[in-house]
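Reading through the structure tokens given below for one structure.
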2 protein chains.
Amino acid sequence: MISHKIVPNVSVDCVIFGFDFEKLNVLLVDRELKDERTGKVLISDHTLTGYHIYDDEDLDTAAYRILKELTGLDNLFLEQFAAFGQLDRVSSEKDQLWLKHINKGFADRIITVGYLALIDNTQVTLKLSEKNVQWYPVNEVKNMEMAFDHKYIFYKALEALQKKVKVEPIAFELLPDYFTLSQLQKLYEALLGASFDKRNFRKKISQMHYVIPLKKKQKGVPHKPAQYYLFSREVYEKTKKNRISFIV
Amino acid sequence: MISHKIVPNVSVDCVIFGFDFEKLNVLLVDRELKDERTGKVLISDHTLTGYHIYDDEDLDTAAYRILKELTGLDNLFLEQFAAFGQLDRVSSEKDQLWLKHINKGFADRIITVGYLALIDNTQVTLKLSEKNVQWYPVNEVKNMEMAFDHKYIFYKALEALQKKVKVEPIAFELLPDYFTLSQLQKLYEALLGASFDKRNFRKKISQMHYVIPLKKKQKGVPHKPAQYYLFSREVYEKTKKNRISFIV
DNA sequence: AATATTAAGTGTAGCATATACACTATCTGG
DNA sequence: CCAGATAGTGTATATGCTACACTTAATATT
């Protein structure tokens, strides 16, 4: 294996969102720092998944690498949303300890580029079990201890996601290839923290010709089986309206 | 004066947009590299305005510093829009030369954080004359030679601006404190590359209660004098609608 | 003084989209 | 076969969007 050289002042952090048909989740690393002799847990925290970039890879490549290492998946939605370079990113004594431990003290000043990743999280649950990585409901994050400025980064990612979901069809990245309209509605409700009228929601979706009904239906459910739908990016790109109107 | 230590792998670049009541402009540096002995111009290019960050300042602070040095103004709209870290940011021989000259070769691998700045450019024209910095119409940039990946960064900034202007009231940052509705319309048309019906435009604006008519009117114009208006951020924040609807 | 020129300012009708609201249909499990 | 659960459907009202043409008020020209 090649040993890569690290760019000392730059890292990427991925905020990985998942949807389990009920609520929005985020993938976090459970970290513990143990005393080497006694094995006693000195500090514990949650972090986002990130690392320094190598000097022979692009920012995007680094983010994909981290994502792949973690979930075993590639071909996921992954997009930069902001860079974080506050002087006080690593301020507390605890954070200093983490920095030494996690980043091995490559540099004091690290600018990190935040990436937003979206996954259908019913697919990755299994592969994670071995690692110290878990899905946490987005609503519970506010009560969690997180290292560095990762909580801040998380909230900025959530904001970016909520903004973006209103103007681009990225919600589908959080669903499997085919899905029911109720699942889609639950997703939008979870994302936007709102609730919609079922009929109006479906009316709206039916105008989006890139959400295409399949012949497939649900099976084995104890109620009227729902029809499956598909998101077609191709149709979306073709029929995309060039909105010149502004809404402020 | 204190000599600052530089963070070797990180810089900021500002894409500064201005509006002159006619068209959208961008502020670029005209650079020449001359042979020290003969004085002959070896290479010439345009660049964005940027520099490394210091190890004792935030990213935002660095961007403000650069903006202030250049325009003499602070209190401008300034916002991060993306980070750029492609391996081939500095690829051509020409760019290698620039890198040595401009950045003094602090590092090969530089990740730059792009900032978007908005100015009423009727106010800064004078102060720029001494420096090798000029306003260029956005429409002409495509025909210009630019160093590094600055043209790419410029286009990404323009895209970000065009997206943002549709959902947030940042267009007003490009106008003086008071302005006429025709000026506002011209601005939106320049920003979005569209043209609007005057009556419909004004109808739309009149629903935005944060665009407030003043008692002041134009003077000395050879036509019916226009009324001046004011953008009130305060009113905007108060009356901001929480749109939960999504448009895709 | 009269007229030309320029941009400011104004209303209405048709169409499309958004909202509010309640019942029937179809499957499984007991 | 009945209970429970979720899927699926239509209409009326209000709001917002689009298309379209003339009058007003200042200066400049003769």
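Just so we're on the same page: letters track the sequence lines, and every chain starts at 1.
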Exercise. Side-chain N or O of B:R199 less than 4.0 angstrom from OP1 or OP2 on C:dG9?
Worked result: no

Problem set entry | B:Y178 atom OH, neighbour heavy-atom count above 12 within 6.0 Å | no

Exercise. Between the base of D:dG8 and the side chain of A:K198, is there any donor-acceptor pair under 3.5 Å?
Worked result: yes

Exercise. Is a side-chain donor or acceptor of B:K151 paired with a backbone partner of B:M144 at a separation under 3.5 angstrom?
Worked result: yes

For this session: Using atom NE2 of B:H223 as one end and atom C1' of D:dA26 as the other, report the distance to the nearest whole Å.
Result: 8 Å

Problem set entry | Donor-acceptor contact present, side-chain B:D58 to main-chain B:T61, <3.5 Å | no

For this session: Give a yes or no on whether a donor-acceptor pair under 3.5 Å exists between the nucleobase atoms of C:dT12, that is its base, and the side chain of B:K203.
Result: yes

For this session: Report yes if a side-chain nitrogen or oxygen of B:S182 is closer than 4.0 Å to either non-bridging phosphate oxygen (OP1 or OP2) of C:dA7; otherwise report no.
Result: no

Exercise. Between atom NZ in B:K217 and atom P in D:dT27, what is the gap in whole Å?
Worked result: 12 Å

Exercise. Under 4.5 Å between any side-chain heavy atoms of B:T71 and B:I119, yes or no?
Worked result: yes

Exercise. Counting any heavy atom closer than 4.0 Å, what does B:Q227 reach on the DNA or RNA strands: base, sugar-phosphate only, or nothing?
Worked result: sugar-phosphate

Exercise. When the nearest nucleotide of DNA chain D is assigned to A:Q218 and to A:D197 on a heavy-atom basis, which residue is associated with the more 5' position?
Worked result: A:Q218

